[in-house]
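Have a look at the structure below, then the notes.
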Amino acid sequence: MNLLDGKVALITGASSGIGEATALALSTEGALVAAGARRVDRLESLARKAPGEMLTLDLDVTDQSSVRAAVAATVGRFGALDILVNNAGLMLAGPLLGADVSEWTRMVDTNLLGSMYTVHAALPYLLEKKGTVVQVSSTSGRIASAGNGVYSATKFGITAFAESLRQEVTAQGVRVVVVEPGFVATELSGHISDPAMRAAAQEMASSMRTLRPGDIAEAVVYAITQPAHVAVNEILIRPTDQIR
Ligand code: NDP
């Protein structure tokens, strides 16, 4: 008997890093997993590794019709939706002065609006099953710092949206969890276009024992497997070596 036998989970951004590890962890616990992202080839190799049934979804969270189609495909295949993990995100760090504002648009569209679209599309099904929404935020959703203003704004926004959602649905049995990781070794900082910021992120990574994607996946499993009367609303999890 596994902790999530028969539960249906949809995970965004499952093609790498935290999303990939979480998809595997949920599958290991017996969940039927729908794994969404744009790099479908990576999802297909993930599905081959997964111990349970895994549906791969070509998903762009910035596109409302793609999000609605992913939710419909999940429910069509597995008959319900119990768990939504809003994980897709990108961090294009850099100074505000002279920034390429198209990077701001991409972050807001993906991290903030993308997670709102998935909640909008999934909520009727989550209400039916008294399900759980996991919103992957960040320590940057608690503490802003120079060079990370827009990314932080999206993550603070996720927390605000999650608290509003929690108040709207908790009496109907839907639980909302915000997970706030510190530095995790993934591809995330590899996408930063500003060379100085990218180098600073790499230097930070090599200066500490970073978290592994699986550390966050375990926190997600913990939060979503509590008894129905227990709502773990927020988990802040940093590497021991991370000071700020
Ligand atoms: P990765 O870069 O490894 O993963 C990001 C994932 O998001 C990929 O699967 C990517 O898939 C997906 N993604 C990006 N854009 C879209 C889109 N438009 N539609 C669908 N999926 C998309 O980084 P992490 O695993 O580190 O990041 C996962 C989450 O964790 C993010 O929200 C990030 O902000 C958060 N986080 C990460 C921390 C870290 O230190 N690594 C710390 C705190 C929070 P694809 O490109 O195939 O679409």
Side-chain angles (χ1 to χ4, degrees), residues 10-25 34-46 56-71 84-93 103 105-118 121 134-145 148 150-159 161-162 178-192 197-198 200-202 204-206 208-217 219-220 234-239 241-242 244:
L10 168 60
I11 306 178
T12 70
S15 59
S16 60
I18 294 168
E20 179 181 13
T22 303
L24 271 181
R38 294 164 304 174
R39 289 172 295 173
V40 177
D41 52 328
R42 303 211 16 180
L43 297 175
E44 278 159 7
S45 65
L46 171 66
T56 60
L57 297 167
D58 184 356
L59 168 65
D60 181 346
V61 297
T62 68
D63 174 351
Q64 293 183 49
S65 59
S66 175
V67 168
R68 281 195 296 271
V71 170
L84 169 65
V85 183
N86 258 324
N87 164 76
L90 73 163
M91 179 185 71
L92 304 171
E103 294 197 338
T105 307
R106 284 177 63 200
M107 283 189 281
V108 172
D109 282 355
T110 308
N111 304 359
L112 189 53
L113 277 171
S115 68
M116 293 176 179
Y117 296 152
T118 53
V134 178
Q135 301 277 71
V136 179
S137 177
S138 169
T139 47
S140 299
R142 287 252 194 140
I143 304 162
S145 55
N148 235 351
V150 179
Y151 179 71
S152 262
T154 66
K155 296 299 189 179
F156 271 78
I158 283 174
T159 303
F161 181 76
V178 178
V179 179
E180 299 160 328
F183 206 109
V184 187
T186 69
E187 296 175 11
L188 192 74
S189 57
H191 299 293
I192 298 172
M197 290 303 292
R198 199 171 54 244
Q202 278 155 5
M204 194 172 166
S206 57
M208 69 168 85
R209 293 166 296 166
T210 57
L211 297 173
R212 305 274 154 206
D215 298 326
I216 307 304
V220 171
E234 197 170 1
I235 301 182
L236 174 65
I237 173 168
R238 287 191 181 93
D241 298 339
Q242 183 174 337
R244 286 191 303 124

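We count ligands from 1, going down the list as the structure has it; atoms in each ligand are counted the same way.
- Using a 4.0 Å cutoff on heavy atoms, Ser66 does not count as a contact of ligand 1.
- Ligand 1 has Gly182 within reach: a non-hydrogen atom of the residue lies less than 4.0 Å from it.
- Below 4.0 Å from some heavy atom of Pro181 lie the following atoms of ligand 1, by number and element: 42 (C), 43 (C), 44 (C).
- Counting non-hydrogen atoms of other residues, nucleotides and ligands closer than 6.0 Å to CZ of Arg198 gives a total above 12.
- Looking at Leu90 next to ligand 1, no N or O pair under 3.5 Å apart turns up.
- Residue contact check: Leu59 has heavy atoms under 4.0 Å from atoms 19 (N), 20 (C) of ligand 1.
- Interface atoms of ligand 1 facing Asp60, defined by a heavy-atom separation under 4.0 Å, are 17 (C), 18 (N), 19 (N).
- One N or O on the side chain of Asn111 and one on the backbone of Leu90 form a donor-acceptor pair closer than 3.5 Å.
- Contact atoms of ligand 1 toward Phe183: 40 (O) (distance under 4.0 Å to a heavy atom of the residue).
- The residue from Met107, Arg106, Lys155 that alone fulfils the side chain to side chain contact (heavy atoms under 4.5 Å, CB included) condition with Val150 is Met107.
- Where the criterion is an N or O separation shorter than 3.5 Å, residue side chain and backbone included, Val184 meets it with respect to ligand 1.
- Among protein heavy atoms, the minimum distance from atom 9 (O) of ligand 1 is reached at Ser15 OG, 2.8 Å.
- Listed by number with element, the atoms of ligand 1 under 4.0 Å from a non-hydrogen atom of Gly17 are 3 (O), 25 (O).
- One side chain, Asn86 or Thr118, offers a donor N or O that lies under 3.5 Å from an acceptor on the other.
- Selection from Ala205, Pro239, Gly13, Ser16 by nearest heavy atom to atom 3 (O) of ligand 1 gives Ser16.
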Residue pair Arg212, Val184: steps toward the side chain to side chain contact (heavy atoms under 4.5 Å, CB included) verdict:
CA-CA 5 Å; Arg212 305 274 154 206; Val184 187; 5.7 Å; no

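- Of all atoms in ligand 1, numbered sequentially from 1 with element shown, those under 4.0 Å from a heavy atom of Val136 are 29 (C), 30 (O), 35 (C).
- Between the side chains of Arg142 and Thr159, no donor N or O sits under 3.5 Å from an acceptor N or O.
- Within the listing of ligand 1, atoms 28 (C), 29 (C), 30 (O), 31 (C), 32 (O) sit less than 4.0 angstrom from a heavy atom of Asn87.
- For atom 17 (C) of ligand 1, the candidate residues are Glu187, Arg238, Arg38, Glu20; the nearest heavy-atom contact is made by Arg38.
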